[in-house]
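The block underneath contains the structure these notes are about, expressed in structure tokens.
If you read the sequence from its start, that first residue is 1, and numbering goes on from there.
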Amino acid sequence: MSTPKTKICSSCEAAFSCGDISSENKCWCNDYPPIFNLSEGGDCLCPACFKEACEDKIDAYIETVTPKKALNNKAMLLPKTDNLIEGIDYYIENGNYVFKAWFHLKRGTCCGNNCRHCPY
């Protein structure tokens, strides 16, 4: 069994816990899509800064996606997960879940329900 490390966020300098506890209990960052390369530099970010960095990177990618490009997008190739992350996969509006373009891209096809953020 491993012991998570206490790290300092390279962005906001907040202390946070980082690392796997066991093979079944992975680090919190494993809930996020694997969209960062280790070569991109910097040390770990705290959960809030990491989520913001993911949102920014995903939003920048989505801006490049056209309906034609959506059919062969990078999100479809990522490992499938049942974990949905508020702010990345969806947001809540008037008590309703509104799925974002990233959620639709991960699914890989249009569902035909005229979704607000459908990239197809």
- Query: Do Cys46 and Cys12 come close enough that some side-chain heavy atom pair is under 4.5 Å?
  - Reply: yes
- Task: Scan residues 45-56 for pairs that pass side chain to side chain donor-acceptor pair (under 3.5 Å), counting only residues two or more places apart or in two chains.
- Result: none
- Item | Pairwise distance OH(Tyr120) to CG(Leu71) - rounded to 0.5 angstrom | 7.0 Å
- Item | Residue pairs, two or more places apart or on separate chains, that pass side chain to side chain donor-acceptor pair (under 3.5 Å) and touch residues 94-105 | His104-Arg107
- Note on the structure: OG1 (Thr64) and NZ (Lys69) are apart, to the nearest 0.5 Å, by 5.0 Å
- When clusters are formed by joining ILVMFWY residues with side-chain heavy atoms under 4.5 Å apart, either directly or through shared neighbours, do Ile88 and Met76 land in the same one? yes
- Query: Does any N or O in the side chain of Asn83 come within less than 3.5 Å of the main-chain N or O of Asp31, such that one atom is a donor and the other an acceptor?
  - Reply: no
- Heavy atoms only: give me the nearest Pro119-Ala70 pair and the separation to one decimal. O-CB, 3.7 Å
- Which atom pair, heavy atoms only, marks the closest approach of Lys106 to Asp89? NZ-OD1, 2.7 Å
- Task: Indicate yes or no for a side-chain donor-acceptor contact from Lys7 to the backbone of Cys44 under 3.5 Å, with no hydrogens or angles considered.
- Result: no
- Query: What's the spacing between Leu77 CG and Leu105 CG if we round to 0.5 Å?
  - Reply: 11.0 Å
- With sequence neighbours excluded, what pairs up with Glu93 under the side chain to side chain donor-acceptor pair (under 3.5 Å) test? Arg116
- Item | side chain to side chain donor-acceptor pair (under 3.5 Å) against Lys74, all qualifying residues, sequence neighbours excluded | none
- Message: Measuring from atom NZ of Lys26 to atom CG of Asp20, what distance do you get when rounded to the nearest 0.5 angstrom?
- Response: 4.5 Å
- Please report the closest heavy-atom contact between Ala15 and Thr6, naming both atoms and the distance. CB-CG2, 4.3 Å
- Task: Check whether any side-chain heavy atom of Ile58 sits under 4.5 Å from a side-chain heavy atom of Pro33, and report yes or no.
- Result: yes
- Transitively linked via ILVMFWY side-chain contacts under 4.5 Å: Ile62 with Ile85? yes
- Message: Looking at Lys80, I want to see if its NZ is surrounded by more than 12 non-hydrogen atoms of other residues, nucleotides or ligands under 6.0 Å.
- Response: yes
- Query: With sequence neighbours left out, which residue pairs that include part of residues 45-69 fulfil the ring-ring contact (aromatic ring centres under 6.0 Å, His included) condition?
  - Reply: Trp28-Phe50, Tyr32-Phe50, Phe36-Phe50
- Item | Intermediate values then yes/no, side-chain contact (heavy atoms from CB on, under 4.5 Å), Cys115 and Phe103 | CA-CA 11 Å; Cys115 298; Phe103 172 85; over 6 Å; no
- Task: Go through the structure and list residues passing side chain to side chain donor-acceptor pair (under 3.5 Å) with Asp59, not counting sequence neighbours.
- Result: none
